[in-house]
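Contents: one structure, followed by commentary.
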Amino acid sequence: MKNIAIIGASGYTGAQLTSLIHADLSLSIQGLYVSENSLDKGKALAELYPAYSQIALSLNPLTEEAKAAIVKTADAVVLATDHSVSLHLAAWFYQQGIAVFDLSGAYRFADVTQYPKWYGFTHEYPQVLAEAVYGLAEWNAEQIVASKMIAVPGCYPTASLTALKPLSHLLTDLLPVINAVSGVTGAGRKAQLHTSFCEVSLTPYGVLGHRHQPEIATQLEKEVIFTPHLGNFKRGILATITVKLKPGTTENDIEKAYQCYDNAELITVKQNQFPKVDDVVLTPYCHLGWKYDEQTGYLVVASAIDNLMKGAASQALQCIKIHFGCSVTQSEGDL
Ligand SMILES: NC(=O)C1=CN([C@@H]2O[C@H](COP(=O)(O)OP(=O)(O)OC[C@H]3O[C@@H](n4cnc5c(N)ncnc54)[C@H](OP(=O)(O)O)[C@@H]3O)[C@@H](O)[C@H]2O)C=CC1
Ligand SMILES: CC(=O)N[C@@H](CCC(=O)OP(=O)(O)O)C(=O)O
């Protein structure tokens with residue numbers, strides 16, 4: 001049984017991952033951690049999330065002693081923390097020799113020059129970064145097994161790349177256009193004006209400048225136009241993507257392309273039937289639906305995930321289980 005420490009366990013993704021690992025018979029929880037001066041240190045997780053009353057674990061401050069204990073007793077550490085926090089913690093734990101699964105964006109770009117622009121910091125650990133692999137679970141299993149530094153993808157990139165990567169050989173020079181709507185949990189648990197109840201509506205944000213645009217483009221090896229929207233619901237992402245395919249592409253070519261998911265138990269693909277966010281919320285699944293117009297060559301593919309599950313926690317769990325060679329079958333989340 002592999003023993004996992006979860007840092008940032010009071011946040012949305014950390015708490016979700018705690019519930020998944022708690023329910024998983026092949027994994028145990030070494031401990032739950034928050035920042036050293038957190039207002040929540042010492043509290044039971046169930047005090048923050050009564051839905052998790054079956055998890056009798058408390059939130060510990062991440063002191064130097066706690067870090068040393070993690071290195072001594074854990075097989076892996078999960079960082080469900082902000083990019084600027086993960087940047088340092090990931091490097092430190094990796095250098096101590098334990099596997100790191102980072103939910104932030106601090107290790108997703110191989111190119112150090114991307115970080116000042118998109119994350120506002122200079123990456124101080126190029127050697128650790130060079131070892132990092134991108135944890136898109138259905139695509140990068142071999143790398144996830146081989147590396148101890150796994151950068152779990154962002155929520156929008158997971159939805160978008162799952163839809164687009166199978167089509168890469170069919171794309172033209174016209175840029176794929178991705179319009180995606182996320183629930184408010186995508187912005188994390190901390191209070192912010194734009195995510196407060198009376199402020200949230202349905203609106204685009206980060207237009208032509210969201211950090212997930214270069215993340216998607218890097219992994220797809222093609223530029224895209226990406227427009228995220230904040231929706232007035234709690235969980236889930238729906239990405240609706242329009243692409244122009246190469247002349248002569250048929251429906252049969254698209255069907256064949258998506259056959260790459262025939263053995264992927266968490267991905268379903270439907271033709272002429274579109275997914276709904278409610279069908280994937282609290283599940284580890286990605287539902288894809290597509291329709292193609294052979295006359296014009298335009299394909300619309302929609303991708304639905306739960307941002308806290310396939311977009312973060314359940315994909316992190318997939319990566320952990322792939323890395324340690326456990327069976328990857330997952331049950332639905334129990335939040
Ligand atoms: N929400 C989502 O849908 C997704 C989020 N992500 C990424 O996952 C990460 C976590 O996101 P999310 O769960 O939403 O964030 P939250 O804001 O909900 O949670 C952040 C957690 O980090 C803890 N924390 C903050 N500073 C430190 C520190 N110095 N040391 C240890 N713990 C610390 C917080 O507790 P405290 O402040 O009390 O210490 C809290 O537990 C982020 O990088 C985010 O970008 C990725 C995909 C999807
Ligand atoms: C609704 C909302 O605010 N969503 C977040 C994306 C969350 C995510 O995927 O996180 P990473 O920052 O780890 O990539 C945003 O747009 O910043």
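FYI, the numbering just counts along the sequence from 1. In listed order, ligands and their atoms are each counted from 1. Worth saying up front: this structure is predicted, and the values here are computed from it rather than measured.
The closest approach between L103 and ligand 2 falls below 4.0 Å for a heavy atom of the residue. At least one heavy atom of R211 sits closer than 4.0 Å to an atom of ligand 2. Within the 4.0 Å heavy-atom cutoff, Y33 does not count among the residues contacting ligand 1.
Looking at C155 next to ligand 2, an N or O pair under 3.5 Å apart turns up. For G183, no nitrogen or oxygen atom sits less than 3.5 Å from a nitrogen or oxygen atom of ligand 2, counting backbone and side chain alike. In terms of polar-atom proximity, defined here as any N/O pair under 3.5 Å, I7 makes no such contact with ligand 1. Looking at S35 next to ligand 1, an N or O pair under 3.5 Å apart turns up. Polar contact check, S182 against ligand 2: no nitrogen or oxygen pair lies under 3.5 Å apart.
Distances from atom 2 (C) of ligand 1 to the heavy atoms of L308, L79, L32 put L308 nearest. By heavy-atom distance, the residue among G8, G311, G236 lying nearest atom 48 (C) of ligand 1 is G311. Which of R235, R189, K190 comes nearest to atom 16 (P) of ligand 1 through a heavy atom is settled by distance: it is R189. Nearest-residue assignment for atom 40 (C) of ligand 1 (options S86, S10, S182; heavy-atom criterion): S10. With H194, H212, R108 as candidates, the residue nearest to atom 13 (O) of ligand 2 on a non-hydrogen basis is R108. When the options T13, I305, L103, T81 are ranked by their closest heavy atom to atom 13 (O) of ligand 1, first place goes to T13.
Of the charged side-chain nitrogens involved, none lies within less than 4.0 Å of a carboxylate oxygen, so that D253 and K256 do not count as a salt-bridged pair. Ion pairing of K310 with E138 is present here, as a side-chain N (NZ or NE/NH1/NH2) and a carboxylate O approach within less than 4.0 Å. In summary, K321 and D24 engage in a salt bridge, as defined by a charged side-chain N under 4.0 Å from a carboxylate O.
The protein non-hydrogen atom at the shortest distance from atom 19 (O) of ligand 1 is G11 CA, 3.2 Å. Remark: minimum distance from atom 14 (O) of ligand 1 to any protein heavy atom is reached at G188 CA, 3.1 Å. For atom 4 (N) of ligand 2, the closest non-hydrogen atom of the protein is G186 O, 3.2 Å. When only non-hydrogen protein atoms are considered, atom 2 (C) of ligand 2 lies nearest to Y205 OH, 3.2 Å. Here the protein heavy atom with the shortest distance to atom 38 (O) of ligand 1 is S38 OG, 2.5 Å. When hydrogens are left out, the protein atom nearest atom 3 (O) of ligand 1 is N307 ND2, 2.9 Å; that is the closest non-hydrogen contact. Nearest non-hydrogen protein atom to atom 1 (N) of ligand 1 is T185 O, 3.0 Å. The protein heavy atom nearest to atom 29 (N) of ligand 1 is V85 CG1, 3.6 Å.
Aromatic ring centres of H88 and Y125 lie closer together than 6.0 Å. Ring-centre distance between Y156 and H210: below the 6.0 Å cut-off. Taking the ring centroids of F101 and H323, they lie under the 6.0 Å cut-off.
If you number the atoms of ligand 1 from 1 as listed, the ones under 4.0 Å from a heavy atom of H83 come out as 43 (O), 45 (O). Below 4.0 Å from some heavy atom of A312 lie the following atoms of ligand 1, by number and element: 47 (C), 48 (C). Listed by atom number, the atoms of ligand 2 under 4.0 Å from L230 heavy atoms are 1 (C). Taking every heavy atom of A80 and a limit of under 4.0 angstrom, the matching atoms of ligand 1 come to 9 (C), 10 (C), 20 (C), 21 (C), 22 (O). Remark: ligand 2 atoms within the under-4.0 Å shell around heavy atoms of H83 are 11 (P), 12 (O), 13 (O). Atoms of ligand 2 lying under 4.0 Å from at least one heavy atom of H210, given by number and element, are 15 (C), 16 (O), 17 (O). The atoms of ligand 1 that sit less than 4.0 Å from any heavy atom of Y12 are 13 (O), 18 (O). Each of the following atoms of ligand 2 lies closer than 4.0 Å to a heavy atom of G154: 9 (O), 14 (O).
Using a 30° and 60° split on the angle between ring planes, H212 and F226 fall in the tilted class, from 30° to 60°. Using cut-offs of 30° and 60° on the angle between ring planes, the pair H123 and F121 is perpendicular. Aromatic ring pairs are classed by plane angle as parallel below 30°, tilted from 30° to 60° and perpendicular above 60°; the pair Y49 and Y52 is tilted.
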Q) Should Q30 and Y33 be marked as a side-chain hydrogen bond (donor to acceptor under 3.5 Å, both in side chains) after you check the CA-CA gap, both sets of side-chain angles, and the distance that decides it? A) CA-CA 10 Å; Q30 186 274 345; Y33 299 92; 2.9 Å; yes

Q) What do the steps show when you test S86 against D102 for side-chain hydrogen bond (donor to acceptor under 3.5 Å, both in side chains), and what is the final call? A) CA-CA 7 Å; S86 284; D102 179 23; 2.7 Å; yes

Q: Using the side-chain hydrogen bond (donor to acceptor under 3.5 Å, both in side chains) rule, take Q16 and S19 through it: C-alpha gap first, then chi angles, then the decisive distance, then the call.
A: CA-CA 5 Å; Q16 179 67 82; S19 85; 3.2 Å; yes

Q) Could you walk me through whether N3 and S28 pass the side-chain hydrogen bond (donor to acceptor under 3.5 Å, both in side chains) check? A) CA-CA 5 Å; N3 205 14; S28 56; 2.9 Å; yes

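Taken from OG in S147 to CG in N140, the straight-line distance is 11.0 Å, to the nearest 0.5 Å.
Looking at T18, its side chain never comes within 3.5 Å of a backbone N or O of A9 through a donor-acceptor pair. Side-chain atoms of T162 never come within 3.5 Å of backbone atoms of A159 as a donor-acceptor pair (strictly under, hydrogens ignored).
In this structure, atom 7 (C) of ligand 1 has a protein heavy-atom contact shorter than 4.0 Å. At a distance under 4.0 Å, no protein heavy atom can be found next to atom 44 (C) of ligand 1.
You'll find the side chain of V224 stays beyond 4.5 Å of the side chain of L175, heavy atoms only.
Heavy-atom minimum distance, L161 versus P166: O-CD, 4.1 Å.
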